[in-house]
Amino acid sequence: MALSHVFESPVPGFNFENSTRNLLLEDALGEGKSNAPKPLKTGTTIAGVVCKDGVVLGADTRATSSEVVADKMCAKIHYIAPNIYCCGAGTAADTEKTTELLSSNLTIFSMNSGRNPRVVMAANILQNMLFRYHGAIGANLILGGVDCTGSHIYRVGPYGSMDKVPYLAMGSGDLAAMGVLEDRFKPRMEVLKEAKTLVRDAIRAGIMSDLGSGNNIDICVITSKGVDYIRPYQESEYKDNRQKKYKYKPGTTPVLCEKVVRLELELVHETVQKMETS
Amino acid sequence: TMEERPNHQYKGVSTGTTILAVQFNGGVIIASDSRASMGGSYVSSKIINKLIQVHDRIFCCIAGSLADAQAVTKMAKFQLSFHSIQMESPPLVKAAASVLKELCYNNREDLQAGFITAGWDKKKGAQVYTVSMGGMLISQPFTIGGSGSTYIYGYADAKYKPDMSREECLQFTTNALALAIGRDNVSGGVAHLVVITEDGVEHVLIPGDKLPKFHDE
C-alpha cells in the first residue's frame, strides 16, 4: 500500500515463541516454583458519551496488581491524534502499547496523505490488528473523537469486534457505570452542562461499586474547537495526608571514612576534523 | 464484571441471533435482529447491525463470533469490489457467497462465523445462499439461521409460499423474526429488514415494541 504503516504486516498466523519459552521455563523450575510476573490489569471503569458538539470520555485512575494498588494516578485516556483519544481497559501494557502503535501509524498517515485521521480509520486499524492476534492482546478500548464527519465513539473488543455506539462503559466497573448511563443518557446533550456531569457520575458509580476501580476521575472533552484533557477532573474523597517527611537531613546516615582516588588518564591521540559549513 | 463472564462457545462478543432471507417475486428480503451478547447473560449491544452490504445489490447477514464475522465480511467486501472492477460489471450473488465460503472453509479451524448471502443480479435475479460455519454453500429459496432460527423452522416451512408479493414477504419475514425473538433469549432489540430488488435497496427498521405480538400477555 502507498500509505504504509511503520508496523510491517507480519507473516500470516502468529508467533508463539514466547509462550513456548514461558512454558518450558515453568516446567524447568518445577511445580509451584515459578515466579512468572502477573500481567498488570487495570481493573477499570471507563466510559464515553457522544453529545451535541463533541465527545466526552472518562476514566478512573487506579491500576491494580492483584490486591495492591500499583498506581494511584494511572492515565487511562490515551492520546491517538489531536482529535482522537482512546480509553483502555484490560491488560495495562496491551492497552498502552496498542494505542501508542495506533498513534504512530496515524501520524505517519497524516503526513503522507495530508489529511486528518478519521475516528473510523483508527477503529479499523485497531480491529485489524487485534483480530490478527486472536484475543491474545487483552485490550478493551473506547475510541472517541471528532472529525469532519462528526463526533463518534467506537467500542473495540480484544478479539477484534468493532461497534459504533452513542454511549458506552467498559472495564470491571462497567455494569455500575452502564446503569447510570442507561438512566440519564439523552441524544445530543450539551457538553459543558450535562455530558461531563453524566460521565463523571458514571465513573463514580464504577468507583464506588467495584474494588478494581478507584482514586481520581479523569475527563477528556473533545470538540471541533479542540481538546480539554482534565486530569484529574475530580479527586478522590479519600485522599490520605502524609504526615511524615521522607527527606532526611544530611548527617542522618553516619559517614565512617572517605577516600578520594585520582584517575590518571593518558592522552594517546588527538585529531581535529574541520566541519564543512560553507 | 467483564472478566468474569465466560465466553465458552464464541470468542468475545457473539451474535447469538436470528437471521433470515426470503425470495419473493422480483426481489429478496434479508432480515435480522439486533442483539449482541457475551456469554449468554450480558447484552453487549442492543442495536448492532448484522446486515452488511458487500456490494450494491448484495447483502449478507452474520451469525457467530462478531469479530470473526466482521473480519470475513471486510475481506469479502474488498475482494468483491476488486472482482467487479476487473470484470467491469457487478458481481453475481453466487460470487459473493463463494468468496465468503472460501474464507470460511479455508480457515474453518480458526473461524466461528456463519453467513446468509442474498441479493439481486442480472443473470439469475433474486437469490439466497447459506454459508454455514464449516464452509458449506447451498442455494435455497429461503433460509433461516442463528440460534433463534430453531424456534421458527415449523413456522417458516408451513407459511412460506413461492412467488409471494413484496407485502406478503415483508409480513412473513416480520412474523418469523417476532416469533424467534419472542422465544430466544439471545435474540432481540429491533428488527432490521432490507428489501433488495433490481431497482434498489430499501431499509426497513421495526422497533422491538412495534413487532407483531403473538399471545404475549
Side-chain angles (χ1 to χ4, degrees), chain A residues 1 12-14 39 41-46 64 89-91 120 123-140 153-178 181-182 185 187 206 209-213, chain B residues 1-17 32-39 41-52 62-78 81-82 103-104 106-113 189-190 192 207:
Chain A
M1 294 278 160
F14 52 125
K41 279 187 163 280
T42 49
T44 288
T45 308
I46 49 176
T64 51
T91 310
V120 67
N124 275 317
I125 295 176
L126 277 174
Q127 179 179 43
N128 290 341
M129 180 185 152
L130 291 174
F131 181 75
R132 238 191 3 251
Y133 285 92
H134 290 270
I137 295 185
N140 292 289
I153 279 187
Y154 286 87
R155 166 212 273 127
V156 182
Y159 287 96
S161 59
M162 180 174 95
D163 191 13
K164 186 170 180 329
V165 281
Y167 59 93
L168 182 58
M170 293 184 95
S172 53
D174 65 342
L175 290 176
M178 205 51 157
L181 289 175
E182 290 277 14
F185 175 79
S209 313
D210 175 42
L211 294 175
S213 311
Chain B
T1 64
M2 260 170 45
E3 285 89 40
E4 280 163 22
R5 285 181 230 117
N7 297 310
H8 300 302
Q9 283 178 305
Y10 300 114
K11 303 165 275 183
V13 181
S14 102
T15 56
T17 186
S32 81
D33 70 311
S34 69
R35 180 171 287 186
S37 52
M38 277 174 78
S41 62
Y42 180 68
V43 175
S44 64
S45 178
K46 299 178 276 193
I47 43 150
I48 203 151
N49 177 31
K50 302 183 201 179
L51 297 179
I52 316 237
I62 59 183
S65 159
L66 183 61
D68 289 348
Q70 285 181 339
V72 171
T73 48
K74 266 184 162 182
M75 185 74 118
K77 233 176 163 172
F78 159 72
S81 168
F82 191 68
L103 290 166
C104 286
N106 290 336
N107 298 297
R108 62 189 182 280
E109 316 287 321
D110 309 306
L111 290 174
Q112 274 177 330
V190 306
H192 288 291

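Nothing here was measured: the structure is a model prediction, and the numbers come from that model.
Rounding to the nearest 0.5 Å places CG of B/Leu66 at 13.0 Å from OH of A/Tyr159. Taken from CD1 in B/Ile48 to CE in A/Met162, the straight-line distance is 10.0 Å, to the nearest 0.5 Å. One distance of note links CD1 of B/Ile47 with NZ of A/Lys164; it measures 9.0 Å at 0.5 Å rounding.
Of the two parts of A/Met178, only the side chain, counted from C-beta on, holds a non-hydrogen atom closer than 4.5 Å to a non-hydrogen atom of chain B.
With A/Arg155 contributing its side chain and B/Ser45 its backbone, the two residues share no donor-acceptor pair below 3.5 Å.
The minimum heavy-atom distance linking A/Gly160 with B/Ala67 is given by the pair C-CB, 3.6 Å.
The neighbour count for B/Lys77 NZ, taken as heavy atoms of other residues, nucleotides or ligands under 6.0 Å away, does not exceed 12.
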